S.K.: 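To start, I am sharing the structure in question, which I have written as structure tokens.
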Amino acid sequence: MSTESTVAQNLATEGATNMDLLRFATAGSVDDGKSTLIGRLLLDSKSIFADQLEAVEATSASKGYDYTDLALLTDGLRSEREQGITIDVAYRYFATPNRKFIIADTPGHVQYTRNMVTGASTADLGLVLVDARQGLTEQSRRHAVLLSLLRVPHLVLAVNKMDLVDYSQEVYEKIHAEFTAFATKLNIPDLEVIPISALAGDNVVNRSEHMDWYSGPTLMHHLEHVHVASDRDLVDVRFPVQYVVRPKSDEHHDYRGYGGMVAGGVLKPGDEVVVLPSGMTSKIAGIDLFDQELDQAYPPMSVTVRLEDDVDVSRGDMIARVKNAPQPSQDIDAMICWMTTAPLKPRQKLAIKHTTRTARALVKDIQYRLDVNTLHRDQDTKELGVNEIGRVQLRTTVPLLCDPYSQNRTTGSFILIDEATGVTVGAGMINSGA
């Protein structure tokens with residue numbers, strides 16, 4: 001059995017014993033019920049306290065509702081509650097006996113595309129909601145395109161509000177067929193379509209009594225059992241150094257280790273590695289996690305790596321395999337999501353943060369702006385406005401140790417920072433390094 005398949009098996013075993021983690025992001029049009037669905041997941045999985053539920057019930061009653069407004073569990077901003085929409089990304093945490101979850105409840109409005117990109121950038125799964133009465137909308141398609149661009153490996157289309165169409169199989173089948181045909185144009189490796197009612201709880205955690213024609217999994221069952229361990233790059237060793245560990249204590253007087261999170265591949269003691277960008281080679285002497293020594297490390301573990309030789313390693317360097325190292329490059333071809341009102345223009349200078357390395361970057365060229373609704377490429381564009389996505393050529397002051405985003409979402413992504421204000425103004429996905 002190969003190393004990567006062995007580690008994938010270990011990850012699955014670890015998930016069964018220590019509970020692995022699933023990050024998923026919700027998306028969809030305004031008023032499709034994203035916040036209500038998350039509230040239902042929290043309620044039916046018994047992940048909220050009694051006093052929280054009592055407060056939501058009291059607020060719902062004070063507004064004259066004849067039902068409990070579960071969206072109040074996630075929409076925390078006053079403006080969100082007043083308008084009945086989600087504006088900011090709300091993160092919620094809960095667990096079942098099988099798995100731990102982090103939910104990013106992202107907004108549906110087109111003017112909050114940057115918020116959705118932020119919430120979905122680290123997601124293992126994207127959950128797109130559609131209103132069964134409305135069917136697929138422009139925003140539903142746009143969110144599917146964005147999740148595809150962000151290389152989110154698993155997608156669930158939840159056909160919500162089935163109670164308002166009398167749990168019609170015909171309505172579900174029509175939306176299922178339309179979205180499946182649309183998804184063939186995108187890069188979506190795994191798609192599941194589930195009919196639900198977030199308000200009534202049908203097929204969310206408990207199976208619906210009203211849709212006996214549906215034989216697939218409930219939403220919670222799918223979230224608990226979707227396999228994500230094999231989505232990680234277990235072949236190409238990538239270990240960006242975040243911190244040099246030097247305790248200088250009597251017990252560990254000569255200890256020198258390099259702390260960081262494994263971004264790819266499998267690290268083992270005895271492996272021959274190269275430190276980039278210096279090119280110095282050594283072997284792994286040991287891998288430490290707190291007070292224990294490990295026999296291997298893989299994504300997304302945070303560990304301290306010790307080397308046999310006393311080589312110069314500092315923050316921003318990367319440890320990789322000698323014969324499978326990333327090629328340093330100062331010319332970056334990437335898709336950018338622009339996040340601020342002042343537009344991105346050619347010749348603009350910005351700071352760039354890639355893994356643990358920070359540099360300065362010059363915008364050489366904007367090749368095109370992508371219309372995420374139609375996938376049309378506007379090659380006549382001279383700038384990128386807020387919430388717009390386009391293909392950009394960058395030149396950095398120091399070489400970046402990057403991979404294509406399609407190969408590794410950690411080493412293939414970066415953020416752009418306004419040096420004057422320190423504000424993050426853009427997020428990028430690397431196509432290739434030249």
Side-chain angles (χ1 to χ4, degrees), residues 89 110-122 146 149-151 238 240-243 260 263 276-279 314-318 325-372 377-434:
V89 181
V110 64
Q111 62 262 42
Y112 300 122
T113 297
R114 56 186 175 179
N115 302 55
M116 189 208 156
V117 169
T118 301
S121 61
T122 57
L146 287 170
L149 274 174
L150 291 163
R151 300 279 177 170
R238 302 289 185 264
V241 176
Q242 185 171 357
Y243 186 71
L276 299 172
S278 68
S314 58
R315 177 182 171 86
D317 290 351
M318 183 177 289
Q327 293 300 314
S329 178
Q330 289 180 259
D331 293 295
I332 306 299
D333 174 13
M335 297 296 293
I336 301 285
C337 176
W338 193 243
M339 298 180 168
T340 190
T341 50
L344 175 69
K345 297 180 179 180
R347 312 306 298 174
Q348 195 166 336
K349 295 179 180 178
L350 298 158
I352 183 171
K353 187 174 186 303
H354 171 261
T355 62
T356 57
R357 171 166 287 217
T358 303
R360 300 184 72 202
L362 172 72
V363 180
K364 291 170 60 180
D365 182 38
I366 299 176
Q367 292 191 314
Y368 60 79
R369 180 182 61 84
L370 181 68
D371 186 330
V372 294
R377 298 177 179 183
D378 178 10
Q379 297 181 338
D380 297 326
T381 189
K382 303 298 181 185
E383 61 184 36
L384 287 182
V386 62
N387 290 311
E388 291 185 338
I389 293 175
R391 189 166 184 169
V392 174
Q393 302 285 331
L394 302 174
R395 174 78 175 179
T396 60
T397 52
V398 297
L400 299 185
L401 304 161
C402 54
D403 296 295
Y405 186 78
S406 58
Q407 177 181 324
N408 190 310
R409 291 171 73 190
T410 302
T411 57
S413 61
F414 59 84
I415 58 172
L416 296 172
I417 302 165
D418 185 324
E419 291 185 289
T421 62
V423 172
T424 299
V425 292
M429 297 160 283
I430 297 169
N431 296 317
S432 64

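Just so it is clear, the model here is predicted, and its values are computed rather than measured. Just so it is clear, the values below take in all heavy atoms, side chains as well, and ignore hydrogens, waters and symmetry mates.
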S.K.: Would you find a donor on one side and an acceptor on the other, under 3.5 Å apart, between the side chain of Q330 and the backbone of T397?
M.R.: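 It does hold such a pair.
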S.K.: Going from SG on C402 to CD on Q327, what distance comes out if it is rounded to the nearest 0.5 angstrom?
M.R.: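 Taking SG in C402 and CD in Q327, the distance rounds to 10.0 Å.
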S.K.: Keeping the roles fixed (side chain from R409, backbone from S121), state whether a donor-acceptor pair exists under 3.5 Å.
M.R.: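 Yes, because the side chain of R409 sits within donor-acceptor range (under 3.5 Å) of the backbone of S121.
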S.K.: Within a strict 4.5 Å, meaning less than it, do heavy atoms of the L350 and L344 side chains meet?
M.R.: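 L350 vs L344: side chains touch.
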S.K.: Can you tell me if N408 uses its side chain to pair, donor with acceptor, with the backbone of A263 under 3.5 Å?
M.R.: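 Present.
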S.K.: If you take all heavy atoms of K353 and T358, which pair is closest and at what distance?
M.R.: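 Smallest interatomic distance, heavy atoms only, reads CG-OG1, 3.9 Å.
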S.K.: Going from CE on M429 to OG on S406, what distance comes out if it is rounded to the nearest 0.5 angstrom?
M.R.: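 Output value for this atom pair is 11.5 Å.
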S.K.: Looking at R315, is its backbone amide N or carbonyl O close enough to the side chain of Y243 to form a donor-acceptor pair, meaning the two atoms are under 3.5 Å apart?
M.R.: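 Not confirmed, Y243 side chain does not pair with R315 backbone.
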S.K.: Do the side chains of E388 and T381 get nearer than 4.5 Å, heavy atoms only?
M.R.: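 Contact flag for T381/E388 side chains = no.
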S.K.: Mind checking whether P326 and Q407 have side chains closer than 4.5 Å, heavy atoms only?
M.R.: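 In short, these two side chains do not touch, never coming nearer than 4.5 Å.
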S.K.: Using 0.5 Å steps for rounding, measure from the CD1 atom of I389 to the CE atom of M335.
M.R.: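 These two atoms lie 6.5 Å from each other.
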S.K.: Could you tell me which non-hydrogen atom of G428 sits nearest to which non-hydrogen atom of I336, and how far apart they are?
M.R.: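 Heavy atoms of G428 and I336 come nearest at CA-CD1, 3.9 Å.
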S.K.: Closest approach of P343 and Q348, non-hydrogen atoms and distance?
M.R.: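 Here P343 and Q348 meet closest at O-OE1, 3.5 Å.
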S.K.: With a 4.5 Å heavy-atom cut-off, do P328 and L400 have their side chains touching?
M.R.: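 In short, these two side chains do not touch, never coming nearer than 4.5 Å.
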S.K.: Flag the pair I417 / V425 as yes when at least one side-chain heavy-atom distance between them is below 4.5 Å, and no otherwise.
M.R.: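 Side-chain contact under 4.5 Å: no.
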S.K.: Given side-chain contact (heavy atoms from CB on, under 4.5 Å), test R347 with L362 step by step and report yes or no.
M.R.: CA-CA 6 Å; R347 312 306 298 174; L362 172 72; 3.8 Å; yes
S.K.: Any idea which heavy atoms bring C337 and V117 closest together, and the distance?
M.R.: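 Nearest heavy atoms, C337 then V117: SG-CG2, 3.8 Å.
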S.K.: Would you say the side chain of Q393 lies within less than 4.5 Å of the side chain of D331, judging by non-hydrogen atoms?
M.R.: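 A side-chain contact under 4.5 Å is absent here.
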S.K.: Determine whether I430 and I332 make a side-chain contact, defined as any pair of heavy atoms from C-beta on separated by less than 4.5 Å.
M.R.: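 Yes. Closest side-chain heavy atoms under 4.5 Å.
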S.K.: Could you give the distance from OG1 (T355) to CD (Q242), rounded to the nearest 0.5 Å?
M.R.: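 The distance works out to 10.0 Å.
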S.K.: Search all heavy atoms of G316 against all heavy atoms of R357 and return the closest pair with its distance.
M.R.: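 In terms of heavy atoms, the two residues are closest at O-NE, 3.2 Å.
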S.K.: Just verifying a value: how many Å separate Y368 OH and R377 CZ, rounded to the nearest 0.5 Å?
M.R.: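 That separation rounds to 3.5 Å.
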S.K.: Does any part of the side chain of R391, heavy atoms only, come nearer than 4.5 Å to the side chain of D333, both counted from C-beta?
M.R.: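 Heavy-atom side-chain distance check passes, below 4.5 Å.
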S.K.: For R360, look at atom CZ and say whether over 12 heavy atoms of other residues, nucleotides or ligands are found less than 6.0 Å away.
M.R.: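 Atom CZ in R360 is not packed in, count stays at 12 or less.
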S.K.: Please name the pair of heavy atoms, one in T396 and one in S329, separated by the smallest distance, quoted to 0.1 Å.
M.R.: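 Heavy atoms only, the tightest pair is OG1-O, 4.0 Å.
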S.K.: Which is it for K345 and V363 under the side-chain contact (heavy atoms from CB on, under 4.5 Å) test, yes or no, and what are the steps along the way?
M.R.: CA-CA 7 Å; K345 297 180 179 180; V363 180; over 6 Å; no
S.K.: For the CE atom of M339 and the CG atom of L416, what is their distance to the nearest 0.5 Å?
M.R.: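 Reported to 0.5 Å precision, the distance equals 9.5 Å.
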